[in-house]
Amino acid sequence: MSEASLPPEGPADLVLQEVAFARLADGQISSRGTAEQLTYRRSAGRLLASQAALRLPPRPGSGLAPLGLLYLSAPRVEAETTARRGEGSQGVRLDSERGDRARTERVTYDGSRELVTSDTALAAQGPGYRVRSRGFVARADGSEVQLVGGVAGRISGGGR
């Protein structure tokens with residue numbers, strides 16, 4: 001990643017190499033992550049990261065809790081922190097402690113609507129299922145997932 005790949009908003013306020021971070025919520029670690037490089041522009045609230053990875057512990061009561069620890073990664077992440085929006089691209093991966101695996105080229109997060117979406121091919125599998133679609137729309141808490149655009153797959157009785 002280079003400075004030339006960033007939007008023309010002036011020089012970065014912060015450039016970090018080999019970053020590790022933890023996010024706190026209510027006095028507890030709500031996620032941990034790493035990035036090979038992170039560039040931040042405070043005035044625009046824009047963040048650009050390469051080789052980003054995030055570990056999310058399960059939230060009790062969440063639709064995602066049965067999956068256990070979640071591991072998300074993407075070679076490129078762009079975010080507007082003030083708008084609570086972000087996009088992972090160039091091959092997004094989700095792996096869960098339970099054994100679920102999902103792969104797609106690009107995922108967008110809209111924090112104001114609490115939605116995670118993709119308009120690129122999705123391949124997902126886990127205990128009791130294997131599906132493919134041209135995209136998806138999901139609630140960020142895991143309470144609803146809609147596969148869109150030509151869905152194919154197999155579901156057996158062992159899933160969640």
Side-chain angles (χ1 to χ4, degrees), residues 1-65 67-97 100-124 131-149:
M1 180 177 333
S2 70
E3 189 69 22
S5 66
L6 294 169
E9 297 159 344
D13 294 305
L14 180 66
V15 177
L16 300 171
Q17 303 288 328
E18 298 182 18
V19 178
F21 63 89
R23 181 172 186 264
L24 296 174
D26 299 324
Q28 296 188 358
I29 294 177
S30 62
S31 62
R32 294 178 189 263
T34 60
E36 188 174 283
Q37 180 176 318
L38 183 136
T39 303
Y40 181 68
R41 286 194 169 78
R42 185 177 320 147
S43 62
R46 292 185 61 96
L47 176 135
L48 180 59
S50 65
Q51 301 307 321
L54 182 65
R55 291 172 32 135
L56 299 163
R59 282 192 234 160
S62 159
L64 298 172
L67 304 179
L69 181 69
L70 299 179
Y71 178 81
L72 293 155
S73 65
R76 181 177 175 93
V77 173
E78 296 181 63
E80 295 178 42
T81 58
T82 54
R84 296 183 56 221
R85 292 177 177 252
E87 179 178 280
S89 62
Q90 299 179 357
V92 179
R93 301 169 56 110
L94 167 72
D95 298 297
S96 80
E97 186 174 34
D100 303 82
R101 306 282 180 259
R103 307 290 186 261
T104 190
E105 181 60 23
R106 180 178 54 251
V107 171
T108 302
Y109 171 69
D110 180 341
S112 64
R113 294 176 33 202
E114 291 294 320
L115 287 179
V116 179
T117 61
S118 180
D119 60 359
T120 60
L122 169 74
V131 295
R132 292 186 173 277
S133 72
R134 291 190 191 135
F136 70 89
V137 177
R139 305 242 8 110
D141 66 2
S143 62
E144 183 179 342
V145 177
Q146 295 177 344
L147 302 176
V148 297

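Excluded from the calculations below are hydrogen atoms, water molecules and symmetry mates; all remaining heavy atoms, backbone and side chain alike, are included. Keep in mind that this is a model prediction, so the values were computed, not measured.
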message: Among residues at least two apart in sequence or on other chains, which ones pass side chain to side chain donor-acceptor pair (under 3.5 Å) with Ser30?
response: Arg23
- request: Check the pair Asp119 / Arg106 against side-chain contact (heavy atoms from CB on, under 4.5 Å), numbers first and verdict last.
  value: CA-CA 7 Å; Asp119 60 359; Arg106 180 178 54 251; 2.6 Å; yes
query: Can you name the nearest heavy-atom pair linking Glu87 to Thr108, along with the distance?
result: OE1-OG1, 3.6 Å
- line: Residues at least two apart in sequence or cross-chain that pass side chain to side chain contact (heavy atoms under 4.5 Å, CB included) with Arg134, listed by chain then number, are none
Between CG on residue Leu64 and CG on residue Asp100, distance to nearest 0.5 Å: 10.0 Å
task: Considering only NZ, NE, NH1 and NH2 on the basic side and carboxylate oxygens on the acidic side, decide whether Asp95 and Arg103 come within less than 4.0 Å.
output: yes
Distance-only donor-acceptor pairs under 3.5 Å for side chains of residues 12-19, two or more places apart:
from, atom 1, to, atom 2, distance (Å)
Asp13, OD2, Arg42, N, 2.6
Gln17, NE2, Gln37, OE1, 3.2

message: Less than 4.5 Å apart, side chain to side chain, heavy atoms only: is that true for Arg139 and Leu115?
response: yes
task: Measure the CZ-CG distance between Arg84 and Asp110 for me, rounded to the nearest 0.5 Å.
output: 8.5 Å
message: Between Arg76 and Leu48, does the side-chain contact (heavy atoms from CB on, under 4.5 Å) criterion hold? Intermediate values first, please.
response: CA-CA 7 Å; Arg76 181 177 175 93; Leu48 180 59; 3.6 Å; yes
field: Side chains of Val107 and Thr117 in contact at under 4.5 Å (non-hydrogen atoms)
entry: no
- request: Kindly compute the distance separating OG1 (Thr104) from CZ (Arg93), expressed to the nearest 0.5 Å.
  value: 12.5 Å
message: As an exercise, state the distance from CD of Gln146 to OG of Ser133, rounded to the nearest 0.5 Å.
response: 11.0 Å
field: Any side-chain heavy-atom pair of Leu94 and Leu70 under 4.5 Å
entry: yes
- request: Find out whether Leu38 and Phe21 are in side-chain contact, i.e. whether some heavy atom of one side chain is under 4.5 Å from a heavy atom of the other.
  value: no
Salt-bridge present (Arg55, Glu97; N to O < 4.0 Å): no
message: Nearest 0.5 Å, please: how far is OG1 in Thr82 from CZ in Arg46?
response: 10.0 Å
